[in-house]
Chemist: 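After the structure tokens below, expect a handful of questions from me.
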Amino acid sequence: MGLAEDFPTRYEPKNVEPKWQKFWAEKKLYQFDETEGAKNPSKIYSIDTPPPTVSGKLHIGHVFSYTHTEITSRFKRMKGLNVYYPFGYDDNGLPTELLTEKDSGVRAHQVERSEFRKLCRETGNKYSQLFRDLWIKLGFSCDFDSAYSTISSTSQKISQWSFVDLYKKGKVERRKEPALWCTKLQTSFSQAEIEVEYIAGQFVHIPFTIEGLPPLQIATTRPELLPACVSVFVHPDDERFKPYWGKKVKVPFFGHEVPVLTDDKAQMDKGTGAVMCCTFGDTTDIQWWRQHKLPLREAINKFGKMTEICGPLAGLKIEEARQKMIELLTEQNLVLKVIPIKAEDRPVNTYERSGAPVEYIVQPQWFIKVCDIKEELIEIGRKVKWYPDFMRARYESWVQNLSWDWAISRQRAFGVPIPAWVSEDGQHIHVADFSQLPIDPLESKPSIPCPQGEWKGEADVLDTWATSSVTPLINARWTLDNERKSFLPMSMRPQAHDIIRTWAFYTILKSYYHFNDVPWAHAVISGHVKKPEAKVDGQQLAGQQFVKKTKISKSKDGETYAPDKILERQCADAIRLWSAGASLGVDILFDENGMAEAQKFLNKLWNASRFALMQMEGFTPDSKIQTVNPEDHWMRARIKEVHQLVEKSVEEYELHRAKVELDKLFWITFCDNYIEFVKCRVQSGSAEQKQSAFQTLYDSLLMILKMYAPYAPHITEEIYQIAFKRFENVDSMHQLRLPDPAALTAQETQGLKQGEALVELIGAIRTFKSKRSIGFKIPAEEIHFSCDAETLKLLQDSLVIAQNFASAQSVKSVDAKALPADAQEAPGKTLSVWIQYNEENLKKKSG
RNA sequence: GGGCAGUUAGCUCAGUUGGCUAGAGCAUCGCCCUUACAAGGCGAGGGUCGUAGGUUCGAGCCCUACACUGCCCACCA
């Protein structure tokens, strides 16, 4: 069997990639070794894979950041670790509901709850399958048998266990208080789900009348909240309003009287300096309402409509009411001034899942206490090692600025039920026993009697994050029969930086409450993929392109950026190599050209392997073969050097840094130089020298392939199967192990210097010829070179290579003074070269 | 307003304890179809490393101030 026949001239990823994906799956190559894990927990490397939210298609950003984890997992496996790399889907909760509504056209409230939940499960399954297919096509080494879904009954059980445990520890509370509310989706939500949007508005100046004094002018952007006004605030230092302090003013149009109070939070220079406090326009209103024990006047109901107390506004939507209010006030000459506010000057908090402006509704909600343990949370966050380290600052700034406890109840249909019952008056709570979980409180009743009326099962479901924050527990099969002892903390959590305040934060929080420990040793934070966009605004300098980075939109940029579309144009290995080309935590610009470059690399790897292996036709590798030539020692030394760097970089999750070094090794050392050096030896060297070259080629190429295998698993597998398997006796490339980096031998240290000197000499010869446009094949007479004594000694054994390079008849070292003035100097070195050509030969070329 | 990053070649970016003349890819130009690879090879041009100071024998890297860009957080009357 000849290698030449086995090794096609071209690498065809379209055929090769699916072939090995199937092979790996059949061999169950990436399955976590449960038995070994139980015996040897210190060898486990466990990854808390992000379960992508089932809210539509995956985008290139997912591919980018998941690829980093995927490559890391392969490296860890090659280091002999028992890698647990699961696959999950976050298919519970509001995102799935919204997707289901969109796909099916059925709204949650239009059908029975159970009916809608069924639709949601179907939707979840459909998209989960799509996700899985994509991961497989990208060559991901997830253990697909370890897949979990957050709506599964085991996930529900663990999520509910977490709820019950926290309740028993006094960390869960049910409170009736103003909560963040989305009027569009009719649910409460948490601080983490707030997104700031900039919406233009207007300041309306309105007079509040009082007997014996001129009317007090207030400025508001929300005149529709006048009926909810419960007081007016001014700053205690603001002398202008001193006469009004403690007095009551009349709310225009509605006529109820409210007190004028002082508080530091009222800004003198904003609006008129006097501000109305309504229940509730913003968080300051809530603080004032609490602090000053103000009454509650609710103007907006949970559907975003105005309430009965709003008189002529009742029943209107908020926006409509605002317009109507201005009209009504204007009719009575109660609008003193209208000042438009530009969008950029008016940040408005919105709910990230609906885009609707935040409202505040007083309803009983479930909370997990966080505001009182900020210091502890920061401390526990410091016990996690963050990669890159500066990402910890985001976590800390988020924790420091927390102002709401975590609202975990959602007034929605499809989620993990809150395992609790409440008495009719809301004063008594009964939470399920651990043994009952999972449970839907709407379908069963507690056995103990209710102290007041009947138990009512809690209809709210949990925030999706309440479940995804226990993914380490789901992975550890917490409380299940086959619980994985000592699985926690997990080795690492990979995720993108946008969900530090949600996923990372909540996971740390829960781990702290449950176990007083970190959930994982490492948090590895990746950047985003941005799309390049020509800058159109502002001045565009002539001939200069400005590149603006913007977020990729799933809907608008589908064709260009959808992973399945990209996979039609680029092979998986190329996409992976491109993804690995960003520094850790840094956003990257989408660059299909970069994938094309990666494709070129794959061709190069293919061709170099093909050539090297064809040279070795009939050779049987044997570790006992003596390495004799300095170039061989040099090649081996370079491999070791790079291997060290690769291991160190991968240890720090700097896959890009490792790749840069590998690329230099492969492209420059191996292809441009080593292979070229060896060419002459395999033609004319002694048997011993040939053996040395072959063995070095074999070892070097295999080592290079091993180090590239995590990045480009398909092509390395293909080459391995064709050429190496027969000698290595292991089923797959990906079952090979990376040895620990070894120190250089004395010969290798020497070889390193010799190789460098040779590269220098060859470089000078190349430059000499290139500058004179002398063709590669033109034979030279004699090469003259000058260099210091030390370099000369290093070059002594390799001069034949230089001679071969220029097809010269001889090569000799001369004194520097003996060289012509236009001899070629090696850059920055003492070495110079002059090549003597036969005029006839040079003419032949030009003629 | 507070914080975190970044600013290096025309473009996109490396540059890891401070150390020879600052690198790569793309783009540009020149040469070469060389028995692995023209989807390639060899070579060339191109940089006051954001600005101004400081520390040091020596600074792209450390310190200070400033400018600009991006992000996170706060700001919502």
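As the structure is a computational prediction, the values presented were derived from the model and not from experiment. In what follows, every chain begins at residue 1, and chains take the letters A, B, ... in the order their sequences are listed.
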Chemist: Does a salt bridge link A/E396 with A/R382, judged by any charged N lying under 4.0 Å from a carboxylate O?
Modeler: yes
Chemist: Are A/S526 and A/Y653 linked by a side-chain donor-acceptor pair shorter than 3.5 Å?
Modeler: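 The answer is no; no qualifying pair exists.
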Chemist: Looking across every strand, which nucleic acid part, if any, lies under 4.0 Å from A/N603 by heavy atom: base, sugar-phosphate, or nothing?
Modeler: base
Chemist: Considering only side-chain heavy atoms of A/K600, which listed nucleotide, B/A36, B/C42, B/G40, is closest?
Modeler: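 My answer, after comparing the listed nucleotides, is B/G40.
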Chemist: Report all interatomic pairs (protein N or O, nucleotide N or O of nucleotides 4-7 of chain B) with separations under 3.5 Å.
Modeler:
none

Chemist: Quick one: does NZ or CZ of A/K385 land under 6.0 Å from the six-membered ring centre of A/Y387, within 45 degrees of the ring axis?
Modeler: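 Judged by the rule, A/K385 and A/Y387 form a cation-pi pair.
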Chemist: Counting side-chain heavy atoms from CB outward, which of B/G41, B/G30, B/A44 is closest to A/S770?
Modeler: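 Nearest nucleotide to the side chain: B/G30.
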Chemist: Assess, by modelled atom type and distance only, whether the side chains of A/D238 and A/Y244 contain a donor and an acceptor separated by less than 3.5 Å.
Modeler: no
Chemist: Please pick, from B/A77, B/C31, B/A14, the nucleotide with the shortest atom-to-atom distance to any side-chain atom of A/S583.
Modeler: B/A14
Chemist: Whole-Å distance between B/C75 C1' and A/E344 CD?
Modeler: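 The answer, rounded to whole Å, is 15 Å.
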Chemist: Output yes when A/E661 and A/K664 qualify as a salt bridge under the 4.0 Å nitrogen-oxygen rule, no when they do not.
Modeler: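 Yes, this pair counts.
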Chemist: The side chain of A/K270 lies closest to which of these nucleotides: B/A77, B/G30, B/G25?
Modeler: B/A77
Chemist: Looking at A/R222 and A/E224, is any side-chain nitrogen of the basic one under 4.0 Å from a carboxylate oxygen of the acidic one?
Modeler: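 A/R222 and A/E224: salt-bridged.
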Chemist: Could you tell me how far apart A/E617 (CD) and B/A36 (C1') are, to the nearest whole angstrom?
Modeler: 14 Å
Chemist: Base, sugar-phosphate or nothing for A/K648? Non-hydrogen atoms, less than 4.0 Å.
Modeler: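 Contact class for A/K648: base.
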Chemist: Which nucleotide sits closest to the side chain of A/N401: B/C26, B/C42, B/C73?
Modeler: B/C73
Chemist: Would you kindly say whether A/Q599 and A/Q570 are connected by a side-chain donor-acceptor distance under 3.5 Å?
Modeler: no
Chemist: OP1 or OP2 of B/A36 sitting under 4.0 Å from any side-chain N/O of A/K679?
Modeler: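 Checking B/A36 against A/K679, a side-chain N or O does come within under 4.0 Å of OP1 or OP2.
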Chemist: Whole Å only: how far is the CZ atom of A/F670 from the P atom of B/C37?
Modeler: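 Distance, rounded to whole Å: 15 Å.
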Chemist: Pick one: which of A/F601, A/W667, A/W606 meets ring-ring contact (aromatic ring centres under 6.0 Å, His included) with A/Y708?
Modeler: A/F601
Chemist: Residues two or more places apart in sequence or in another chain: which of them pass side chain to side chain contact (heavy atoms under 4.5 Å, CB included) with A/A808?
Modeler: A/A780, A/I783, A/Q803, A/A806
Chemist: Taking the minimum atom-to-atom distance to the side chain of A/R10, which one of B/A77, B/A39, B/A44 wins?
Modeler: B/A39
Chemist: Can you tell me whether the side chain of A/N607 and the base of B/A36 have a donor-acceptor pair closer than 3.5 Å?
Modeler: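 No, no donor-acceptor pair under 3.5 Å.
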Chemist: Could you please name the option among B/C73, B/A77, B/A44 that lies closest to any side-chain atom of A/W398?
Modeler: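 Among the listed nucleotides, the one closest to the side chain of A/W398 is B/C73.
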Chemist: Could you check which residues of residues 195-202 of chain A get a heavy atom under 4.0 Å from RNA chain B? Sort them by number, please.
Modeler: A/V196, A/Y198
Chemist: Over how many whole Å does the gap from A/D672 atom CG to B/G40 atom C1' extend?
Modeler: 11 Å
Chemist: Partner of B/U51 by Watson-Crick or G-U wobble geometry, both contacts under 3.5 Å, or none?
Modeler: B/A65
Chemist: Measuring from the side chain of A/I675 (C-beta onward, heavy atoms only), which nucleotide among B/A44, B/U12, B/A36 has the closest atom?
Modeler: B/A36
Chemist: According to a strict under-4.0 Å criterion, is A/T221 in side-chain N/O contact with OP1 or OP2 of B/A77?
Modeler: yes
Chemist: Of the options B/A36, B/C73, B/A44, whose atoms approach the side-chain atoms of A/F611 most closely?
Modeler: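 Of the candidates, B/A36 comes closest.
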Chemist: Return the set of residues passing side chain to side chain contact (heavy atoms under 4.5 Å, CB included) with A/I339 (not counting sequence neighbours), or none when no residue passes.
Modeler: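 Partners of A/I339 under the side chain to side chain contact (heavy atoms under 4.5 Å, CB included) test: A/F203, A/H205, A/K337.
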Chemist: Are A/R657 and A/E652 ion-paired here, with the side-chain N under 4.0 Å from a carboxylate O?
Modeler: yes
Chemist: Answer yes or no on whether A/K679 is positioned over the face of A/Y674, meaning its NZ or CZ is under 6.0 Å from the six-membered ring centre and within 45° of the axis.
Modeler: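 No; the conditions do not both hold, so A/K679 does not lie above the ring face of A/Y674.
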Chemist: When you measure from the side-chain N and O atoms of A/Q191 to the phosphate of B/A74, is any distance below 4.0 Å, counting only OP1 and OP2?
Modeler: yes
Chemist: Calculate the interatomic distance between A/F505 atom CZ and B/C73 atom P; express it in whole Å.
Modeler: 13 Å
Chemist: Using only heavy-atom distances, decide whether a donor-acceptor pair under 3.5 angstrom links the side-chain of A/E676 to the base of B/A36.
Modeler: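 A donor-acceptor contact between them is present.
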Chemist: Side chain of A/L589: nearest nucleotide among B/C26, B/C13, B/A77?
Modeler: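 So the side chain of A/L589 is nearest to B/C13.
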Chemist: Does A/V275 have any side chain to side chain contact (heavy atoms under 4.5 Å, CB included) partners at least two apart in sequence or in another chain, and if so, which?
Modeler: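 With sequence neighbours excluded, A/V275 shows a side chain to side chain contact (heavy atoms under 4.5 Å, CB included) to A/F233, A/A266, A/W288, given in chain and number order.
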Chemist: Considering heavy-atom distances to RNA chain B, does A/E661 or A/D591 have its closest nucleotide positioned more toward the 5' end?
Modeler: A/D591
Chemist: Take A/G281 and A/K530, find for each the nucleotide of RNA chain B with the closest heavy atom, and name the residue whose nucleotide sits nearer the 5' end.
Modeler: A/K530
Chemist: Can you tell me the Watson-Crick or wobble partner of B/A39, both distances under 3.5 angstrom?
Modeler: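 Per the H-bond distance test, none.
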Chemist: Give me, pair by pair, the N or O atoms of the protein and of nucleotides 45-47 of chain B that are less than 3.5 Å apart, along with how far apart they are.
Modeler:
none

Chemist: Is it true that A/W386 and A/Y395 have ring centroids separated by less than 6.0 Å?
Modeler: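 Distance test on ring centres: under 6.0 Å, yes.
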